[in-house]
Engineer: 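Take a look at the following structure, please.
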Amino acid sequence: EAQVTQNPRYLITVTGKKLTVTCSQNMNHEYMSWYRQDPGLGLRQIYYSMNVEVTDKGDVPEGYKVSRKEKRNFPLILESPSPNQTSLYFCASSLSSAGRRGTEAFFGQGTRLTVV
Amino acid sequence: AQKITQTQPGMFVQEKEAVTLDCTYDTSDPSYGLFWYKQPSSGEMIFLIYQGSYDQQNATEGRYSLNFQKARKSANLVISASQLGDSAMYFCAMREFGTGNQFYFGTGTSLTVIP
């Protein structure tokens, strides 16, 4: 089954304790990205990657790191989480081919992170 | 400037009626795609419909259609014959294929279907 898998689904952590949210896709997609969803603000892109070893900042990259060592995996790292990073996080992947059907983003199930 | 604007934070519709959710976009890239996603209360993001910038006809997928007005830069979602299960958050998104290939999402519209 084609899917994007995020783990964990729920996480409560304390300020300053490093954490990693994993994301893996089995569709051989070149493009992967991370978003955070906050009430009234929609989905805001944190980082994205066009392919292995290629990553770029999105709209809200501060406080986050990513890596793309393998095509299927795109982990999100919070080196020193703070309460303002409490949010719902989504990983997504898609094909990179331009201008045609089939380039929609496939989303993971989401990770609800609470930083206290 | 916002790439995607959804001006309706909340909408109500009577069951079996049609409803239009508004979306305007801003881009100078001639090659782009427009997408609509549904997010029910369970939280997952469900892809609904796609419209390419070069597509001549408006996209349709079952009860969903996209009213694409290129000159006005609008891509409104029309849901016909609303059902109780259509109650959800709806997000409009754009992807600029020529510049960076990123996705941009709107702030969403919360739709409630009234029995």
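Just so it is clear: chains get the letters A, B, ... in the order the sequence lines come, proteins before strands, and each one is counted from 1. All values reported here derive from a predicted model rather than from experimental measurement.
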Engineer: Before we go on, tell me: are the rings of B:Y50 and B:F35 under 6.0 Å apart, centre to centre?
Structural biologist: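 For B:Y50 and B:F35, the ring centres are under 6.0 Å apart.
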Engineer: Is there a side-chain contact between B:K73 and B:D26, using heavy atoms and a 4.5 Å cut-off?
Structural biologist: yes
Engineer: B:E96 versus chain A, heavy atoms under 4.5 Å apart: side chain, backbone, both or neither?
Structural biologist: neither
Engineer: Can we call the ring centroids of A:Y35 and B:F105 under 6.0 Å apart?
Structural biologist: yes
Engineer: Heavy-atom distance under 4.5 Å to chain B: side chain of A:L41, backbone, both or neither?
Structural biologist: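 The backbone, not the side chain.
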Engineer: Cation-pi check for A:Y47 against A:R68: NZ or CZ below 6.0 Å from the six-membered ring centre and within 45 degrees of the axis, yes or no?
Structural biologist: no
Engineer: Please determine, among B:E44, B:M45, B:M89, the option with the most heavy-atom pairs under 4.5 Å with chain A.
Structural biologist: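 Among the listed options, the one with the most contacts to chain A is B:M45.
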Engineer: Can you tell which part of B:F103 gets under 4.5 Å to a heavy atom of chain A, answering side chain, backbone, both or neither?
Structural biologist: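 Contact with chain A is through both the backbone and side chain of B:F103.
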Engineer: Counting heavy-atom pairs under 4.5 Å to chain B, which of A:G110, A:A92, A:A105 comes out on top?
Structural biologist: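 If we count pairs closer than 4.5 Å to chain B, A:A105 comes out on top.
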Engineer: Which atom names give the shortest non-hydrogen contact between B:L34 and B:F68, and what distance separates them?
Structural biologist: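 Between these two residues, the closest heavy atoms are CD1-CE1, 3.5 Å.
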